[in-house]
Number of protein chains: 2
Amino acid sequence: MSMTRIRPLIMDPSRRDEPCAHCGARAYSVCSAIDSKDLERLAVLSTQMTVEPGRSFIEEGDPAEHFFNVTSGTAKLFKLLPDGRRQITGFAGTGHFLGLAVSSSYSFSAEALEPMRICRFSRPKLRVLLDDFPAMEKRLLEVASNELVAAQEQMLLLGRKTARERLASFLIGRADMPTHCLGYQPSPTETVRLPMTRNDIADYLGLTIETVSRTLTKLKGEGLIEIPSSSIVVIKRHTALVGIATGETEQG
Amino acid sequence: MSMTRIRPLIMDPSRRDEPCAHCGARAYSVCSAIDSKDLERLAVLSTQMTVEPGRSFIEEGDPAEHFFNVTSGTAKLFKLLPDGRRQITGFAGTGHFLGLAVSSSYSFSAEALEPMRICRFSRPKLRVLLDDFPAMEKRLLEVASNELVAAQEQMLLLGRKTARERLASFLIGRADMPTHCLGYQPSPTETVRLPMTRNDIADYLGLTIETVSRTLTKLKGEGLIEIPSSSIVVIKRHTALVGIATGETEQG
DNA sequence: CCATCGGCTTGATCTGTGTCAAGGCGGAGC
DNA sequence: GCTCCGCCTTGACACAGATCAAGCCGATGG
């Protein structure tokens, strides 16, 4: 499964002994459920790593030996069909916890879009730790519940929305995201940074790259958005875009 | 939101005093995490109800005051767009726990497909109970994790599979389900009972009723399945169907 | 400054699935 | 046993988005 994987991960000795106490992502992650005084127990279980853009750190089908926590950067999470068709199931930013699942192997792959820092935990060891910290277990349940709600929303998008509605939903979703998930963010929230390629957007929305491109061009032509560079979109008419995203607006 | 709801639920006084100890669904549900000796505490929180086919017991947007546990029958879970487009996000059978979500309102609706028995818990009260039973919290996390994996699989289906692959996946998914989820089940597992209409299947798979009907007819014509009645499908060539479902088989 | 290359856009055409329309079938009620 | 009605099937046609095919644009490196 991972035969072609070359140097996907780089251990980072410089942070080996740095405890979770200094982690910039802690406030946004499940680790916030653990008290400062107990943080050392968590720290000894964690391994800090960096992942370069384009590198995978989870491969669908591989034995699920670790949990991960994103401390900076963004990853795409995806599933593949044998002929190469791909569905991106989500993007994981700062604070995102990865690897939940009872199964013994990963059900998706994860690849860095940008330089990332991640925090890795051994599954069995974290499981044991969780027995002592029900607050963290509770936090994980909250996280999983929220992701489930998001997944259902995405099913509605994939099953029933038009290309135009999908793009509008995607842009609004990005604009409404908490700042810490986004990494570097140009000032107003109406400016949306897109660290992923058009192909990634297409595979996230169940479209082709051509349809994504055409639809964005059309939204631009209608004055709903501006596209100063291909990885930046400025939302000019937020309410109108929301109307399209939620299916309230007829056509275009 | 629920102005048009009429007698959606029928309280069942005959089971009011019957404790969870006699619940047939207990073994399959999150309640199994609670020890027999503590079961009384759970029992006092629960209200048994029956729901007639076609009745809703959760309405998207309503305040989320309860959790539910399905003890028999099947429900469809769905989201709607303002113009009536519908996406069924799943079917909930015996043992299924409903209502996970941090939000204060439900993010989906639930409607009975068949006569159902459900067990209702007040959210705040169950939350308090969970503090005393971390095993149940752990079980809920497991359940949520598994649903997340299933949701991602469904995103792959909705975003990237053909109509033929969707129907094959759906039938295989039904055939592979644990028996207790299905309610009454005609003997061999190769016989699949479909308690939902073609319209429901279409709304679950992101297709139209016509495409579902045509595709099933085609699979029948190829000898992969038989359709003795419109709500029963017999899988004749399981392996071939799995090949189609997973996208390994070219076309048809 | 030019060449290269990956990612993006745009145009022409095709096609899988949706839409519209007409029966068929089987269970419920009289 | 007949009628009704909801659900399902089948056919003809339409269209949103896919596919195929150029070409553009901006970053990178010599």
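The sequence lines fix the lettering, A, B, ..., with proteins before strands; numbering per chain opens at 1.
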Side chain [X], main chain [Y], donor-acceptor under 3.5 Å:
{"X": "A:Glu52", "Y": "A:Pro115", "result": "no"}
{"X": "A:Thr246", "Y": "A:Gly243", "result": "yes"}
{"X": "B:Gln87", "Y": "B:Tyr204", "result": "yes"}
{"X": "A:Arg160", "Y": "B:Arg86", "result": "yes"}

All salt bridge (charged side-chain N to carboxylate O under 4.0 Å, His left out) counterparts of B:Arg85, not counting sequence neighbours: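 Applying salt bridge (charged side-chain N to carboxylate O under 4.0 Å, His left out) to B:Arg85 gives A:Glu165, B:Asp83.
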Rounded distance [0.5 Å steps], CE in A:Met116 versus CE in A:Met49: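 Separation between the atoms: 12.0 Å.
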Taking atom [atom2] of [N] as reference, at what distance in whole Å does atom [atom1] of [X] sit?
{"X": "B:Arg198", "N": "D:dT10", "atom1": "CZ", "atom2": "P", "result": "11 Å"}
{"X": "B:Arg164", "N": "C:dT15", "atom1": "CZ", "atom2": "P", "result": "18 Å"}
{"X": "A:Leu216", "N": "D:dG17", "atom1": "CG", "atom2": "C1'", "result": "15 Å"}
{"X": "A:Met196", "N": "C:dG7", "atom1": "CE", "atom2": "C1'", "result": "15 Å"}
{"X": "A:Leu194", "N": "C:dC8", "atom1": "CG", "atom2": "P", "result": "10 Å"}
{"X": "B:Lys218", "N": "C:dG16", "atom1": "NZ", "atom2": "C1'", "result": "11 Å"}
{"X": "A:Leu219", "N": "C:dT10", "atom1": "CG", "atom2": "P", "result": "13 Å"}
{"X": "A:Asn199", "N": "D:dT19", "atom1": "CG", "atom2": "C1'", "result": "14 Å"}

Strand-adjacent residues in residues 73-86 of chain B, judged by heavy atoms under 4.0 Å from DNA chain C: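 DNA chain C contact set from residues 73-86 of chain B: none.
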Under the side chain to side chain contact (heavy atoms under 4.5 Å, CB included) test, which residues partner [X], sequence neighbours left out?
{"X": "A:Tyr106", "value": "A:Ile58, A:Asp62, A:Ala64, A:His66, A:Phe68, A:Arg123"}
{"X": "B:Thr239", "value": "none"}
{"X": "B:Pro82", "value": "A:Glu248"}

OP1 or OP2 of C:dT10 under 4.0 Å from side-chain N/O of A:Thr217: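 For A:Thr217, the contact criterion (side-chain N or O under 4.0 Å from OP1 or OP2 of C:dT10) is met.
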Within residues 203-214 of chain B: residues closer than 4.0 Å to DNA chain D (heavy atoms):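 Residues of residues 203-214 of chain B under 4.0 Å from DNA chain D: B:Glu210, B:Ser213, B:Arg214.
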Axial bend angle, the helix from C:dC1-D:dG30 to C:dC30-D:dG1: five-pair end segments, nearest 10°: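 For the helix from C:dC1-D:dG30 to C:dC30-D:dG1, the axes at either end differ by 40°.
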Which nucleotide in D:dC8, D:dG17, C:dT17 has an atom nearest any side-chain atom of B:Thr197: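 Out of D:dC8, D:dG17, C:dT17, the nucleotide with an atom closest to B:Thr197's side chain is D:dC8.
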Pairs where residues 216-247 of chain B contributes a residue and the test ring pair (Phe, Tyr, Trp, His ring centres under 6.0 Å) is met, not counting sequence neighbours: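 Residue pairs with at least one partner in residues 216-247 of chain B: there are none.
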Sugar-phosphate only, base, or nothing, as touched by A:Ser229 at under 4.0 Å among non-hydrogen atoms: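 A:Ser229: no heavy atom of the nucleic acid under 4.0 Å.
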Check nucleotides 22-25 of chain C for protein N or O atoms closer than 3.5 Å to its own N or O atoms and list the pairs.
none

Partners meeting side-chain hydrogen bond (donor to acceptor under 3.5 Å, both in side chains) with B:Thr215 (sequence neighbours left out):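 Counting only residues at least two positions away or on another chain, B:Thr215 forms no side-chain hydrogen bond (donor to acceptor under 3.5 Å, both in side chains).
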Under the side-chain hydrogen bond (donor to acceptor under 3.5 Å, both in side chains) test, residues paired with A:Glu111 that sit two or more places apart: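 If we apply the side-chain hydrogen bond (donor to acceptor under 3.5 Å, both in side chains) test to A:Glu111, skipping adjacent residues, there are no hits.
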Produce the list of close N/O pairs, under 3.5 Å, pairing protein atoms with atoms of nucleotides 13-15 of chain D; give distances to one decimal.
none

A:Arg174 to A:Phe91 six-membered ring, cation-pi geometry met (6.0 Å, 45°):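 Ring-cation test returns yes.
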Aromatic centroids of B:Phe78 and B:Phe108 separated by under 6.0 Å: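 Judged by ring-centre distance (under 6.0 Å), B:Phe108 and B:Phe78 do not meet the cut-off.
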Candidate pair B:Leu77 and A:Gln152, rule side-chain contact (heavy atoms from CB on, under 4.5 Å), full reasoning: CA-CA 10 Å; B:Leu77 315 179; A:Gln152 286 159 359; 5.7 Å; no
Full working for side-chain hydrogen bond (donor to acceptor under 3.5 Å, both in side chains) between A:Ser109 and A:Glu59: CA-CA 4 Å; A:Ser109 304; A:Glu59 299 258 355; 4.7 Å; no
